[in-house]
Number of protein chains: 2
Amino acid sequence: MVTMKDVADHAGVSIATVSFVVNGTKPVTPATRERIESSMAELGYRRNAVARALASRRTRILALAYPVLERPLSTASVEFFTSAAAAASVRGYHLVIWPVSNDGRELAELVGQRLVDGVLLMEVQLDDPRVAVLESSGTPFALIGRTRDITGICHVDIDFEATLHQAIDHLTGLGHRRLALVLGGKGERGYRTYGPFVRTAAAFEQARIERDIDGRTVEVTWSDDPESLARQVFGEEDAGGPTAALVLNDHTALRLVTGARRTGRRVPGDVSILGLSAAPETGTLSDPPLTLMRTPGPELGHLGAEALIRMLEAEDPLPPRLVPCTFEPGQSTGPRP
Amino acid sequence: MVTMKDVADHAGVSIATVSFVVNGTKPVTPATRERIESSMAELGYRRNAVARALASRRTRILALAYPVLERPLSTASVEFFTSAAAAASVRGYHLVIWPVSNDGRELAELVGQRLVDGVLLMEVQLDDPRVAVLESSGTPFALIGRTRDITGICHVDIDFEATLHQAIDHLTGLGHRRLALVLGGKGERGYRTYGPFVRTAAAFEQARIERDIDGRTVEVTWSDDPESLARQVFGEEDAGGPTAALVLNDHTALRLVTGARRTGRRVPGDVSILGLSAAPETGTLSDPPLTLMRTPGPELGHLGAEALIRMLEAEDPLPPRLVPCTFEPGQSTGPRP
DNA sequence: CTGAAAGCGCTTACAG
DNA sequence: CTGAAAGCGCTTACAG
């Protein structure tokens, strides 16, 4: 392995000077800089990341901590992983992925190793023990999501309120007044304290009051079959039930489209179905293609990594950001029958 | 930060002795071991991963390198990421994810930093420049996939031949003789040299000859709509076309089910559709639920990480493994009409 | 069984 | 602008 010492010897300078040109930390005369640079090129020198980390007390490694869940991570999560990694990479950072338990024990163990400069926390619960672990360990961190009290904590999240309102606007614009909010994932651990569910449900309650909407909230499980989903959402009755459903969770939305059709409801002739927070490629999977609000997975991954890096680099902080999902037209919503 | 020196002072021993008990590398008398252990507990000592890495010349970090693609990574890829990370974690390793270009330049840059002990390479092409980079850099690596000449290279992959044969067995058992192999992803960069496509297509050719099957191969793109897919696969004709389709790529399989129905074909009354290599949860998304071969994403992630770690730990090597997809019954396949 | 010491490959005050 | 040297927190021969 070619070390800084080899380069220094080859160029006839001290290793300090080599370090200065590698890092650009101190002025060096053009002549010696050139000598060093050509030595580096000739010898094929590459700075050792580990030695640099130890000496500078900064590893330039970020951790993406995600809880081990019963349900598989969504497509949005992959986008999230890869976009966070890409954003980190642009800044010269690495991203390690840490599967950790919800209680924070493993996380405490891992941050204690001092391998990472900061942590990005995914799938945040309203009262998340892992946040306390990070705070008490003094590790810089950013949340993807929000705890109940988010004051002073660096975070990015989906703007569930804005997303829901935009979705409702779309449906009321089509004449719908009786809406169902469908929450997938009932019975799962942490379901009742999972931010996206709680915040969307709260916003729906609010909208119901403020916007003169007849709304009901339906909680369903992962294992409900399509027909059962459709019956739970639209009811057995022929009339008086919801004419449109807003579905949090793309998998559930797709199955609901199937279920509606199988139970004799035309989509969107009889009922409209709209996916709240889904990956865009999901839309084409249903028949008719699902109208949906696209989850800003890549944006959140990028923003989260960037916010954390700014803290670490002591740059201007990125203010907390709430990013709404964006409307993606499909054919599963239409005028009220 | 509590260092080994702090522990040594507190316990009244040398740091070498502390290191011996932390690592279990040398025998230490029970008495002093206990003293050291209680000192560690009292002070809350945790070994610094970076210092250990530098001194031991092993970082215990693995990289998962994946190419930046046009298409989003599949659900199987997430399973892959997380299971590789979990397997690494069990062995005391960390996993960093590296988005790298296909040409191998970025990869060369990254391995040069010596941050990782080994690399796991995903989405391997038949002639992959990144493999040459890894070989010439002397970095231990394992492939998820196979290059054209795989001799002596540590790898794990899907057993496409076995998977295809099992799928064909299922369909011929139902009486089908006219089969279509559908390959999604036409026109994508690297499509023609992407292992899964090439190997499945070759195995299909082979099967066609050996098993007295009337087969056709249909290549389709990501953007083909469902109806177009169905027409390309099953033809315009009323009779004489394929009665069953094997579809490589779950997204395409789901759209084909929709397309078949929309073009007036009953599934599985008129045509059978089987997904080759798909995530199990995908099955329930179509109507009827897709019969599919489940991609062994978690198994491959686990095996890949384990194989690499065994190389690094100089343990008994894990032999190359080809893992077939497993049959998941659905309702999209049935007897030949 | 235990310790003193060299060394991993860098960064960074401190001098000059 | 450049260098000598301490130091980051460990591991690991080498002695004893």
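The basis for the numbers below is simple: all heavy atoms, side chains too, and nothing from hydrogens, waters or symmetry mates.
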Is the shortest side-chain N/O distance from A:Thr29 to OP1 or OP2 of D:dC1 below 4.0 Å?
no
Please tell me if the side chains of B:Ile36 and B:Val7 come closer than 4.5 Å, counting only heavy atoms from C-beta onward.
yes
Given Watson-Crick or G-U pairs with both distances under 3.5 Å, what dot-bracket string fits DNA chain C, with | for other-strand pairs and [ ] for crossing?
|||.||||||||.|||
May I ask you to check whether over 12 heavy atoms, not counting those of B:Arg58, lie within 6.0 Å of atom CZ?
yes
Step through it carefully: locate the ring centre of B:Tyr66, locate the ring centre of B:Phe80, and say whether they are under 6.0 Å apart.
no
Please check: side-chain N/O of A:Thr82 versus main-chain N/O of A:Val78, any donor-acceptor pairing under 3.5 Å?
yes
What is the distance, rounded to the nearest whole Å, between atom CZ of B:Arg33 and atom C1' of C:dT2?
13 Å
Partner residues of B:Arg310 under the side chain to side chain donor-acceptor pair (under 3.5 Å) criterion, sequence neighbours left out
B:Glu306
State, with a plain yes or no, whether a side-chain heavy atom of B:Leu110 is found less than 4.5 Å away from one of A:His94.
yes
Could you pull out the closest heavy-atom pair between A:Ile61 and A:Val96, with the gap in Å?
CG2-CG1, 3.5 Å
Generate the contact string for nucleotides 8-16 of chain D. Rules: B means base contact, S means sugar-phosphate contact only, - means no protein heavy atom under 4.0 Å.
BBBBB-B--
Would you indicate, yes or no, if C:dG3 has its OP1 or OP2 atom less than 4.0 angstrom from a side-chain nitrogen or oxygen of B:Thr17?
yes
Any side-chain heavy-atom pair from A:Lys5 and A:Val18 closer than 4.5 angstrom?
no
